[in-house]
Amino acid sequence: MSIQLYNTLTRKKERFVPIEEGKVKMYVCGPTVYNYIHIGNARPVIAFDTIRRYLEYRGYEVNYVSNFTDVDDKIIKAANELNEEVGELTERFIAAYHEDVSALGCEVATAHPRVTEHIDDIVDFIQVLIDKGFAYESQGDVYFRTRQFEGYGKLSHQSIDELKVGARVEENSIKTDPLDFALWKSAKEGEISWDSPWGKGRPGWHIECSVMAKQLLGDTIDIHAGGQDLTFPHHENEIAQSEAATGKTFANYWMHNGYINIDNEKMSKSLGNFILVHDIRKQIDPKVLRFFMLSVHYRHPVNFAQELVESAANGLERIQTAYSNLQHRLTISADLAENSESWLNKIKEQINAFEKSMDDDFNTANAIAAIFELSKQANVYLLEKNTDRHVLQQFIDALDQLMGVLGVPFDSADELVDNEIDALIQERLDARKNRDFARSDEIRDELKARGIILEDTAQGTRWKRG
RNA sequence: GGCGGCAUAGCCAAGCGGUAAGGCACGGGUCUGCAACACCCUUACCACCGGUUCGAUUCCGGUUGCCGCCUCCA
């Protein structure tokens with residue numbers, strides 16, 4: 001079996017073949033750190049973290065790089081408004097990013113390079129482009145000569161002449177062609193800046209990714225990913241810069257995730273419907289958020305609405321319950337050989353279904369269906385009078401592993417039961433034995449008020465936090 | 001104007017040539033002292049019109065309706 005993934009460059013699903021066997025070099029465009037990230041920013045982080053996890057599950061060693069854009073116009077503006085140093089502001093939001101994203105179950109990247117740590121590399125890279133005739137200096141700025149790069153438009157599938165029609169025409173432009181884009185921007189008075197052969201200034205937006213990807217991963221990488229909107233111009237420009245400089249293919253596979261809408265509307269500042277992860281994760285379990293986002297294929301839009309998130313939460317709860325119930329039964333089961341084989345086969349079947357779905361362009365929606373099916377089988381198995389420890393353990397391991405790939409781990413069973421709660425459960429059992437249901441219900445209600453939900457089974461009473 | 005995406009049950013969402021996965025919600029059962037959890041059952045003329053095919057939700061053409069990029073943007 002091989003992994004197929006949709007490549008924006010060819011507009012086709014292709015078989016994934018890494019440059020180096022067993023290893024994946026992956027670069028995901030990261031955030032501009034001038035504010036907390038919103039749920040739209042969170043989507044690519046979650047989607048590509050999941051893809052990374054699956055590649056690792058498949059045995060690949062993934063070198064995963066995701067940058068921080070820590071200097072640009074928006075940052076400078078925000079720092080001015082808050083009367084804060086650029087460095088302080090970005091440091092704050094980088095820390096906030098890590099908190100948000102970690103709450104969402106995303107692993108830390110192999111490297112999180114920052115633009116400001118690579119200024120020298122960027123300057124060198126720009127110089128190469130100038131030397132090769134792909135860039136020119138103009139009044140302290142440096143621009144990329146777009147028409148000079150033959151393949152321009154190959155990612156977004158636009159011809160350069162059509163792009164020109166749509167390009168914004170700037171008054172008194174210091175660019176020789178409207179399609180040219182900035183590699184280096186000269187500093188205005190008082191702005192944060194670095195010395196360069198072209199005077200004080202700072203890098204343009206696109207150049208950073210080209211440079212950092214090259215520095216950390218090499219001239220050619222396997223997968224370059226980001227939001228759909230980055231296809232043009234950002235990724236198109238990255239290709240132009242990198243391939244012009246190295247003469248080699250920049251990235252073999254380009255992956256782009258779809259947008260998130262809020263109640264069927266685009267998230268935008270004018271509509272005032274931005275949802276920050278920082279805020280929403282106080283209201284909605286971040287695990288639910290992640291599970292919800294993964295319930296839709298990464299290339300399709302996700303509509304973020306309260307009731308849809310709730311319905312995802314109910315679904316997740318069902319999987320969690322199956323898992324907890326397996327754990328509960330494990331404590332009271334012995335080794336049996338009966339029917340084990342057929343149940344183990346059912347588990348294997350769902351693991352296969354999960355892998356098949358993920359192999360097909362990381363179809364998490366389908367993969368989740370396999371997990372639901374696995375939970376269902378587990379519940380059916382739990383209906384049996386006698387259960388086998390090994391089978392239960394296999395169910396548990398499979399669920400752990402598959403949910404682990406999705407980055408949605410199970411709540412660990414809370415072993416610390418208050419002695420008092422234990423005593424109450426025992427008292428209730430006795431009451432039930434004596435058919436004293438008034439007392440029995442009283443205890444159940446009391447515990448419920450304290451967040452403990454009791455469930456009676458043929459194998460005794462189990463409880464969970466509700 | 002250029003490039004592209006989407007339209008599947010009450011809702012969400014897979015499938016993409018052989019008469020429709022999964023989840024949520026609803027209804028009916030079973031289990032239970034009553035519950036809860038769970039299980040079983042029930043629910044789709046795949047936007048419309050043509051074409052290709054033995055056969056299309058799935059391919060091709062067209063229509064309608066949403067949406068994205070082309071300008072900072074995940």
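Each chain gets a letter, A, B and so on, in the order the sequences are listed, and its residues count up from 1.
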I'd like a table of atom pairs between the protein and nucleotides 8-15 of chain B - only N or O on both sides, under 3.5 Å - with the distance next to each one.
residue: B:A14; atom: OP1; partner: A:His297; partner atom: N; Å: 2.8
residue: B:A14; atom: OP1; partner: A:His300; partner atom: ND1; Å: 3.2
residue: B:A14; atom: O3'; partner: A:Asn363; partner atom: ND2; Å: 2.9
residue: B:A14; atom: O2'; partner: A:Asn366; partner atom: OD1; Å: 2.3
residue: B:A14; atom: O2'; partner: A:Asn366; partner atom: ND2; Å: 2.7
residue: B:G15; atom: OP1; partner: A:Asn363; partner atom: ND2; Å: 2.9

**Study point:** Close residues, residues 221-228 of chain A, relative to RNA chain B [heavy-atom separation under 4.0 Å]
**Key:** A:Gly226, A:Gly227

Exercise for review: Just jot down the side chain to side chain contact (heavy atoms under 4.5 Å, CB included) partners of A:Asp445, sequence neighbours excluded, or say none.
Suggested key: none

Review point. Residues two or more places apart in sequence or in another chain: which of them pass side chain to side chain donor-acceptor pair (under 3.5 Å) with A:Asp263?
Key: none

Check your understanding: Any salt bridge between A:Asp359 and A:Lys356, counting N to O under 4.0 Å?
Key -> no

**Study point:** Pair pattern of RNA chain B in dot-bracket, where unpaired bases get dots and | marks partners in another strand, Watson-Crick or G-U under 3.5 angstrom
**Key:** (((((((..(((.....[...)))..((((.......)))).....(((((..]....))))))))))))....

Point to revise | Any residue meeting ring-ring contact (aromatic ring centres under 6.0 Å, His included) with A:Tyr259, in chain and number order, not counting sequence neighbours | key: none

Review point. Looking only at side-chain N and O atoms, does A:Lys266 come under 4.0 Å of OP1 or OP2 in B:C69?
Key: yes

Review point. Under 5.5 Å between ring centres and under 30° between planes: does that hold for A:Phe372 against the base of B:G22?
Key: no

Revision key, fill the gap. Across all chains, not counting sequence neighbours, the ring-ring contact (aromatic ring centres under 6.0 Å, His included) partners of A:His300 are A:His297

Exercise for review: Could you identify which residues of residues 30-42 of chain A place a heavy atom less than 4.0 Å from some atom of RNA chain B, listed by residue number, or say none?
Suggested key: A:His38, A:Gly40, A:Asn41

Exercise for review: Enumerate the residue pairs fulfilling side chain to side chain donor-acceptor pair (under 3.5 Å) with a member in residues 32-46 of chain A, sequence neighbours excluded, ordered by first and then second residue.
Suggested key: A:His38-A:Asn41

Practice item. Search all heavy atoms of A:Phe232 against all heavy atoms of A:Ser156 and return the closest pair with its distance. Key: CD1-OG, 3.4 Å

Check your understanding: Which parts of nucleotides 35-40 of chain B does protein reach within less than 4.0 Å, heavy atoms only, written one letter per nucleotide 5' to 3' as B for base, S for sugar-phosphate only and - for none?
Key -> BBBSSS

Exercise for review: Fit a plane to each ring of A:Trp254 and A:Phe250, take the angle between them on a 0 to 90° scale, and name the class: parallel (under 30°), tilted (30 to 60°) or perpendicular (over 60°).
Suggested key: tilted

Practice item. Under the salt bridge (Lys or Arg N to Asp or Glu O under 4.0 Å) rule, collect the residues that match up with A:Asp141, sequence neighbours excluded. Key: none

Revision key, fill the gap. ring-ring contact (aromatic ring centres under 6.0 Å, His included) filter on A:His328, not counting sequence neighbours, yields none

